[in-house]
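In what follows, a single structure is set out as structure tokens and then discussed.
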Amino acid sequence: MKKIEAVIRHEKLNQVKAALESVDISGMTVQEVRGRGEQKGLEFINRAGKYRVDLLPKMLVTIVVPDNKVAAIVDALIHGARTGEIGDGKIFVSEVERCIRIRTGEEGDEAL
Amino acid sequence: MKKIEAVIRHEKLNQVKAALESVDISGMTVQEVRGRGEQKGLEFINRAGKYRVDLLPKMLVTIVVPDNKVAAIVDALIHGARTGEIGDGKIFVSEVERCIRIRTGEEGDEAL
Amino acid sequence: MKKIEAVIRHEKLNQVKAALESVDISGMTVQEVRGRGEQKGLEFINRAGKYRVDLLPKMLVTIVVPDNKVAAIVDALIHGARTGEIGDGKIFVSEVERCIRIRTGEEGDEAL
Amino acid sequence: MAYDTGAIAWMITSTALVLMMTPAVGFFYGGMLKKNSMLSMLGQSLIVMGVVTIIWVVFGFSLAFGADTGGLIGNLDFLLMNGIGVFSEPPALLWFPTTIPPLLYMLFQATFAMITVALIIGGIAERMKLAAITVFLAIWTALIYIPVAHWVWGGGWIFQMGALDFAGGTVVHITAGVTVLAATLVIGKRLSKTNGCTEEPAHNIPFVVLGGALLWIGWFGFNGGSALGANEIAVNAVVVTTISAAVAGVVWGLISYLHLGRTSVLGMITGAVVGLVAITPASGFVDTNGAMVIGIIAPMISYGAIQLRKRLGFDDALDVWACHGMGGTFGAIATGLLATSAVNPAVVSQGLLYGGGIDLLVKQLTAVGAVWAFVFVVVFVLMKVMVTVWPKWRISKEEERIGVDIVQHGENAYS
Amino acid sequence: MAYDTGAIAWMITSTALVLMMTPAVGFFYGGMLKKNSMLSMLGQSLIVMGVVTIIWVVFGFSLAFGADTGGLIGNLDFLLMNGIGVFSEPPALLWFPTTIPPLLYMLFQATFAMITVALIIGGIAERMKLAAITVFLAIWTALIYIPVAHWVWGGGWIFQMGALDFAGGTVVHITAGVTVLAATLVIGKRLSKTNGCTEEPAHNIPFVVLGGALLWIGWFGFNGGSALGANEIAVNAVVVTTISAAVAGVVWGLISYLHLGRTSVLGMITGAVVGLVAITPASGFVDTNGAMVIGIIAPMISYGAIQLRKRLGFDDALDVWACHGMGGTFGAIATGLLATSAVNPAVVSQGLLYGGGIDLLVKQLTAVGAVWAFVFVVVFVLMKVMVTVWPKWRISKEEERIGVDIVQHGENAYS
Amino acid sequence: MAYDTGAIAWMITSTALVLMMTPAVGFFYGGMLKKNSMLSMLGQSLIVMGVVTIIWVVFGFSLAFGADTGGLIGNLDFLLMNGIGVFSEPPALLWFPTTIPPLLYMLFQATFAMITVALIIGGIAERMKLAAITVFLAIWTALIYIPVAHWVWGGGWIFQMGALDFAGGTVVHITAGVTVLAATLVIGKRLSKTNGCTEEPAHNIPFVVLGGALLWIGWFGFNGGSALGANEIAVNAVVVTTISAAVAGVVWGLISYLHLGRTSVLGMITGAVVGLVAITPASGFVDTNGAMVIGIIAPMISYGAIQLRKRLGFDDALDVWACHGMGGTFGAIATGLLATSAVNPAVVSQGLLYGGGIDLLVKQLTAVGAVWAFVFVVVFVLMKVMVTVWPKWRISKEEERIGVDIVQHGENAYS
Ligand SMILES: Nc1ncnc2c1ncn2[C@@H]1O[C@H](COP(=O)(O)OP(=O)(O)O)[C@@H](O)[C@H]1O
Ligand SMILES: Nc1ncnc2c1ncn2[C@@H]1O[C@H](COP(=O)(O)OP(=O)(O)O)[C@@H](O)[C@H]1O
Ligand SMILES: Nc1ncnc2c1ncn2[C@@H]1O[C@H](COP(=O)(O)OP(=O)(O)O)[C@@H](O)[C@H]1O
């Protein structure tokens, strides 16, 4: 099975969730992260000057799925998260060897 | 070596730590995440109505270990984290290629 | 391509960023985590006693890079994060199969 | 002129307490929004304090409390505090207190204007440009607050008619609540309310409780200070105010328990505020029994009004209409039912339930109806004009997604 | 009747200040718990305000401050504020002030009842069902607070005996502290305390300091207002109160530095509160030197009591017994040592150290002992009965794990 | 002696309000720092309250307000409150009020000393050891605050010369601001400012606004209470104070909008505080027009001073010099321009713009210049001595990285 990690915009989370539901994915884990890519940060102001924050708040969505679902999910993620402007984020796919459901001890794809 | 990632209930962290100690594991990294699996969320109320939070707070525990310890740890995790009710969480195991201890520069299993 | 995950001290983040920039890396994702390794925690006090916090705040820096850059980055990370005292943290390297830039749909090394 | 030092002591204290209510509203409201909107509420509170102070000192106080012109508006005698210096005699106008310097009366009234304007920001939150909000609220102060304050407290037609509004059921709460109703009908919904989005939870309920608690304490000055002296009427006002708020808080908790199975803390503090709102017009005229009744019924009304608002679907972000508009309306009517000369000799016709017949009730209904109508029409037209002549009054979808704090203030509340 | 406007001004202000102390306790306590319990403290504060107000207005004030019956309890003359309307003459009872309307005296005393009840919630935190807490606190108000208030301030036997308790060492702090001691012996520990769990750190120390600072300011009304007028006794009370609190704060900081090597901020604000507690019974009777002494010793006593509590192992979650029970006990005894007629002519026998012999000290010890015993026994029995007849008084282990805020209120403090 | 109960009521209230300002400063400052430094600001506020109270009661009040010796310092008549018990006659000294007990005057002045000392901690934040800060501030109170308070308010040479400082432009704000300037020149920069680090954002702007709002309310007591009675001067003071703060808040917002394109909330609350600072010395002497002028200009001056500080590069962490030092300087000078006997008969020579010539202005400039010079020199020398004789006054680089809260207090603000 595969782990898909997507770094997306905060405000896109709801749309990404909706897109994932449309391809029948409900299991996921979400975290608040900060990141930097081509988008080099944002300017903020304090009481009498500007300062730059180079690490911007993003959401990291992690989904572990059977190999055959990866393509559909990547499409759904892109669909839900894209605005076309710098800062839309990235998707990383890697291999997972085992998955166990703690409640039942089940293993493998049925545990997802 | 392997990376074991367990998504568990918040309130089970202490028990999981104890279970891991009993199999001699002390190195770990912990984060607050939110997630959704079969448990479809919880209902909350606001001042005059209900609303549903579909992403519930969970803890993500990450432990990198030599290959031979995986089985014991998975058992310990299940033991510490199980309540038998929906929402107990999942364990994912994947391959890690290298580990380096920053302080000393050591590599491999002795760096764990 | 490879995923490099480094658990570092909070207060070292700026130096690590600088070190990474010196090897031309700007894309990264950063999270606040808590962890435990050889450093067994810190003592805190409350209004009339001490207590021990065994999970200490750390930063987790994740960088996905083409294979050939790994060595330079590991060196840069060590350089930026080391103080020589317990608690400096660890670096984990693992394999990533695919990377997609959401904005453009590009894949592979050029998406990094 | 020798003033009463006890009255001065109490009225300065009252003024400080009411002044505190405007930032308190910022916390009460801001805590209920998501965290990227917190600063917008605090920032707008500060803007309101500045803009209203300037309007009030320059011409507002004069138009509201200067000698009456045709029942509708005051005159310009007191422009820029002309004639009400701290050592001048109080003007010979019925509504000016003689126990405290007129300048203190001016400041006390200024703090009322501030808090009223500040109430509005919670209803129209998270969609207008900051400049548009500021301009709207400044015009609103001149076009709505000043005339209504004059009608009710400054010798205008409602004052002459004899309707009772001790501390601002009509002037403060109905004006603010109806404004939000009319305004949101024009400006429409926030993005997050347009499709079936899940409701955003309050980001910091402790701040809501902090703001609410400070409002409660501030209300000692709001209602108690409206006696304009350290006297029995002030004492009665603070007693009935506390009773109504305390009761209304637990009643709301009970309603939420019965309706939803949990005792919402957000609900209880909202209930307390609604109890304060409803007792406001009545606080100088009802006794402790009346206060209990008001404290029990007011939260039911506002709770119901929130359900209605949900069904009707206008986007009053923090239910200013349901809590202040409807709470104030109920309080004004309840005054017509429960007023008694036993607590205030100024009550000439007793409330209906105290044997005074419908005389007072009719006056109360007239005042309420007139203020509702006036506010609704003026605000609706004003907003329509504004969105027409100022096409960029609204923040963009992209900006709404990012959040108003960063977009308008360049700041995050927390980091 | 012509009251003193200065007295009214000060007493309304005092009442507002004391009212503020109940939500302030919510912040002071809530900040010390983990973040899933924050709302329980705030919510219970609001419930206390509502429930106590209703009890007080309906019958509590009457039973506490109505004419005495056998030294034990007041009568029912003032049910539902009968006879103490704002324009009625003050009743001809020794303890009623004549400078302010009796209705204001009623409200001032109501705020004392609220804060006393609110103090308890921090000790019994995180295990009882909300309904059980509410019922317990309501019965407690009737069974403990009202009689003890009558004994000490409303003409009861301690009043007659001549023991001194200016603002509530026995009535407020000993009753609350001993209640938590007795109650936790019955209800037992929280899950998190049963096995060798690591201590949960305070989730928001700034909120603790905020609550503590508001308590300090509120104590101006608490002690200063207990003079029931704007007079020299009030001035003395606020002066010695400030001295004791300020000194006790740094002394606690010093103790924590010497004991643990760090100057705990949580400790310093706790110390300040302990200094306020201890000066409370003494504040109308001791001078500035006495205040220094109290401010130095009180934190040592409460710090020691916390160590003792840890050894004894009862689960007083926020050390209400150590801080209020023991702080109040020390203050009551210190009054017997340090009282002086130089600051209050009402001191008939000077404190031991001021040359008055042991007369006053004996009375103080009698009052303290009687209140300790009465409260301990009644609460212990009451709780035993309650846990027996109401088997579901406790939240389940699963609920404890999830946290009281979500379980009881359906809300998270922060999101 | 029969005091005025209205005056007592107002002055106790004022004292409570000013006392609140010291923890309020803790929130105002702490919120602007990173979250690992929050507790250091709150903890130091509490330490200041304790240490200054002890100094003040033991000898500080006596040296500041005892009978004058050569224009420079008071005498030791009032050591340990000797002779100013609550029932003693007010001493026959010009500056003692006769409407309130001298003990209340003592406490009111004590709160001024506290807040002044507390202002300093924001400027020198995040580098000194806690013990070093405490020792420095204690010596500072004795060496700087007490003499300057004596000069201006206690019958010293500035008092005799007739320069006007109603509530502490020189005594409070210039002393604190110039101290930070001199001290940071000696103690140098924080690590985070030494290399080209990115600026750390304020960690909790709502806390900054909370602290600022409480400061604003507290300032009612600060300026209003400086009239030492419930009279017309007090009324004028609170009116002009509110106007200046309200105006200055929006002006700073406007400046930040014009300069940076956004309306900073942090900027607006800072502006309000600067408006309060600048009106402080003037508040008993200028009318509402004067207040508007001060409210408009003060934020421009402090905003400019911040830009200057950035260029000069000394590490005044929270711009105490720019806001308090320069704001107080401007206010003191503005008093020389705008003072008018229309609001206070004590104004013998009118301000320059009110036709009084340069007489008053020259006195104001003399006072300002003398206090600047005195404070700068004494603090610079004191600090130089301190860093020499106490080599471990500074926290280490490693400790700075970890953060002062954990290192000095063993605590995290939030968890
Ligand atoms: N090489 C990388 N390794 C880890 N995370 C990355 C990397 N590149 C980008 N990211 C993450 O993706 C987010 C978006 O990247 P960005 O370059 O701004 O997007 P885009 O390229 O679509 O404009 C960043 O904030 C960061 O969290
Ligand atoms: N496919 C998945 N990918 C990533 N995280 C998942 C996935 N399924 C579950 N999780 C994580 O595990 C948590 C618990 O899952 P849940 O289905 O509620 O547990 P259980 O199946 O034991 O009842 C979720 O909250 C989520 O964080
Ligand atoms: N086996 C492990 N698995 C996951 N995370 C680990 C492991 N060992 C250490 N860590 C992470 O690295 C951090 C630093 O480890 P530590 O042992 O203190 O460093 P060092 O060995 O250099 O002194 C820990 O706080 C934890 O977050």
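Labels below follow one simple rule: chain letters A, B, ... track the order of the sequence lines, proteins then strands, and each chain is numbered from 1. These numbers were taken from a predicted model, which means no experiment stands behind them.
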Which residues from residues 408-415 of chain D are near chain F, with near meaning under 4.5 Å between non-hydrogen atoms? D/Q408, D/H409, D/G410, D/E411, D/N412, D/A413, D/Y414, D/S415
Heavy-atom cut-off 4.5 Å, strictly under: side chain, backbone, both or neither for F/M292 against chain D? side chain
Chain F contact via D/I406 - which portion, at a heavy-atom distance below 4.5 Å: backbone
Sort F/D4 into side chain, backbone, both or neither according to what part of it lies under 4.5 angstrom from a heavy atom of chain D. side chain
Between chain F and each of D/A110, D/A230, D/G50, count heavy-atom pairs under 4.5 Å; write down the option with the most. D/G50
Between F/N344 and chain D, which part of the residue has a heavy atom less than 4.5 Å away: side chain, backbone, both or neither? backbone
Is there side-chain contact between F/N236 and D/L103, with at least one heavy-atom pair below 4.5 Å? yes
Out of D/T22, D/L80, D/V52, D/I8, return the one with the most heavy atom pairs under 4.5 angstrom to chain F. D/I8
Contact between F/D287 and D/M81 at the side-chain level, heavy atoms closer than 4.5 Å - yes or no? no
I want to check something: taking the side chain as every heavy atom from C-beta on, are F/V235 and D/I100 in contact at a cut-off of under 4.5 Å? no
Taking C-beta and beyond as the side chain, do F/T263 and D/L130 meet within less than 4.5 Å on heavy atoms? yes
F/F220 versus D/T15: any side-chain heavy-atom pair under 4.5 Å? yes
Decide yes or no for F/I217 and D/L19: does some side-chain heavy atom of the first lie under 4.5 Å from some side-chain heavy atom of the second? yes
Return the set of residues passing ring pair (Phe, Tyr, Trp, His ring centres under 6.0 Å) with F/Y257 (not counting sequence neighbours), or none when no residue passes. none
Heaviest contributor of heavy-atom pairs below 4.5 Å to chain D, chosen from F/V251, F/V343, F/V247, F/L17, is F/V343
Toward chain D, the part of F/A272 with a non-hydrogen atom under 4.5 Å: neither
Region of F/V265 in contact with chain D, defined by heavy-atom distances below 4.5 Å: both
Heavy-atom nearest pair, F/I243 first then D/V57, reads CD1-CG2, 3.8 Å
Region of F/W219 in contact with chain D, defined by heavy-atom distances below 4.5 Å: neither
Okay, F/S264 and chain D: the region with an atom under 4.5 Å from a heavy atom over there is both
Taking every heavy-atom pair that is under 4.5 Å apart, which of F/A9, F/G212, F/A246 has the most such pairs with chain D? F/A246
In chain order, what residues pass the side chain to side chain contact (heavy atoms under 4.5 Å, CB included) check against F/L214, with sequence neighbours excluded? F/M20, F/A24, F/L210
Are F/I233 and D/F87 side-chain neighbours, meaning at least one heavy-atom pair lies under 4.5 Å? yes
Interface moiety of F/I269 toward chain D, non-hydrogen atoms closer than 4.5 Å: both
I want to check something: taking the side chain as every heavy atom from C-beta on, are D/T5 and F/W10 in contact at a cut-off of under 4.5 Å? no
Can you tell me which of D/A16, D/G43, D/P23 forms the most heavy-atom pairs within a distance under 4.5 Å of chain F? D/A16
Side chain to side chain contact (heavy atoms under 4.5 Å, CB included) between F/V239 and D/L104: does it pass, once the steps are laid out? CA-CA 7 Å; F/V239 170; D/L104 180 52; 5.6 Å; no
Using side-chain hydrogen bond (donor to acceptor under 3.5 Å, both in side chains) as the criterion, list what pairs up with D/D405, not counting sequence neighbours. none
Side chain / backbone / both / neither for D/M106 at chain F, heavy atoms under 4.5 Å: side chain
Counting heavy-atom pairs closer than 4.5 Å to chain D, which one of F/T13, F/I205, F/L260 comes out on top? F/I205
Pick one of side chain, backbone, both or neither for F/A245, based on which atoms fall under 4.5 Å of a heavy atom in chain D. neither
